[in-house]
Amino acid sequence: MTLLGATGGAALALLSAAMFLFRSECEPILRFVLRAFSKVRHYTPETYYFWAGSVGLLAVLWLALFLGAITKKPAEDRHVDAALRRRLKPTIRGAPIEDE
């Protein structure tokens with residue numbers, strides 16, 4: 001999960017930076033992607049920075065969700081562990097084992 005989250009956020013951030021730095025190379029690709037995978041059929045060059053910024057905003061959102069999941073994971077693990085321990089009390093031949 002950590003590798004996927006960090007790689008995805010970094011890839012989106014690099015893509016956004018490349019879109020801002022290399023507009024002449026990225027604009028034809030953006031036109032193709034918008035026509036192929038979106039309902040946007042009429043692309044105007046004035047909206048290029050909107051789309052490049054949208055990719056950057058998606059990178060920030062991805063990284064924020066990733067960091068939120070990473071910080072909550074230890075607490076969730078403890079919660080699940082406690083719930084499983086309550087359900088699965090150790091027994092020997094049906095008699096519960098007392099904790100020392």
Side-chain angles (χ1 to χ4, degrees):
M1 182 173 115
T2 303
L3 182 63
L4 179 65
T7 304
L12 286 171
L14 285 173
L15 177 62
S16 179
M19 287 178 76
F20 279 109
L21 294 174
F22 306 109
R23 180 178 178 166
S24 60
E25 288 84 10
C26 294
E27 194 166 11
I29 298 168
L30 178 65
R31 285 181 184 161
F32 172 75
V33 169
L34 288 177
R35 286 187 184 137
F37 300 109
S38 176
K39 292 182 180 182
V40 177
R41 296 292 176 203
H42 183 69
Y43 169 78
T44 58
E46 294 84 27
T47 62
Y48 179 81
Y49 289 111
F50 167 77
W51 292 107
S54 297
V55 173
L57 185 62
L58 183 61
V60 170
L61 179 64
W62 181 278
L63 285 173
L65 290 173
F66 163 68
L67 290 175
I70 288 297
T71 56
K72 290 181 182 180
K73 184 170 179 6
E76 288 178 4
D77 287 348
R78 286 190 300 273
H79 178 72
V80 168
D81 189 40
L84 288 174
R85 285 183 191 273
R86 281 192 305 270
R87 278 184 65 195
L88 303 173
K89 293 187 179 186
T91 60
I92 294 178
R93 296 184 186 163
I97 299 174
E98 298 293 327
D99 289 335
E100 296 178 22

### Summary
Rounded to the nearest 0.5 Å, the CG atom of Leu58 sits from the CG atom of Leu63 at a distance of 9.5 Å

### Message
With rounding to the nearest 0.5 angstrom, report the OG1 to CG distance, Thr7 to Leu12.
### Response
11.0 Å

### Message
Would you say Phe50 ends up clustered with Val33 if hydrophobic residues are merged whenever their side chains have heavy atoms under 4.5 Å apart, either directly or through other cluster members?
### Response
no

### Query
How far apart are the closest heavy atoms of Phe66 and Gly5, and which atoms are they?
CD1-CA, 3.6 Å

## Note on the structure
All heavy atoms of Ala59 vs all of Ala13, minimum pair found to be CB-N, 3.5 Å

#### Entry: Pairs flagged by side-chain hydrogen bond (donor to acceptor under 3.5 Å, both in side chains) wherever residues 19-34 is involved - sequence neighbours left out
Arg23-Glu27, Glu27-Tyr43

### Message
To the nearest 0.5 Å, what is the distance between CG on Leu21 and SG on Cys26?
### Response
9.0 Å

### Query
At their closest point, which heavy atom of Gly53 faces which heavy atom of Phe20, and how far apart are they?
N-CZ, 3.8 Å

### Query
Does anything in residues 48-75 pair up under side-chain hydrogen bond (donor to acceptor under 3.5 Å, both in side chains), and if so which pairs, sequence neighbours excluded?
Lys73-Asp77

### Task
Is it possible for you to say whether Leu30 and Phe22 belong to one hydrophobic cluster, with membership spreading through side-chain heavy-atom contacts below 4.5 Å?
no

### Query
What distance separates Thr47 OG1 from Leu34 CG, expressed to the nearest 0.5 Å?
7.5 Å

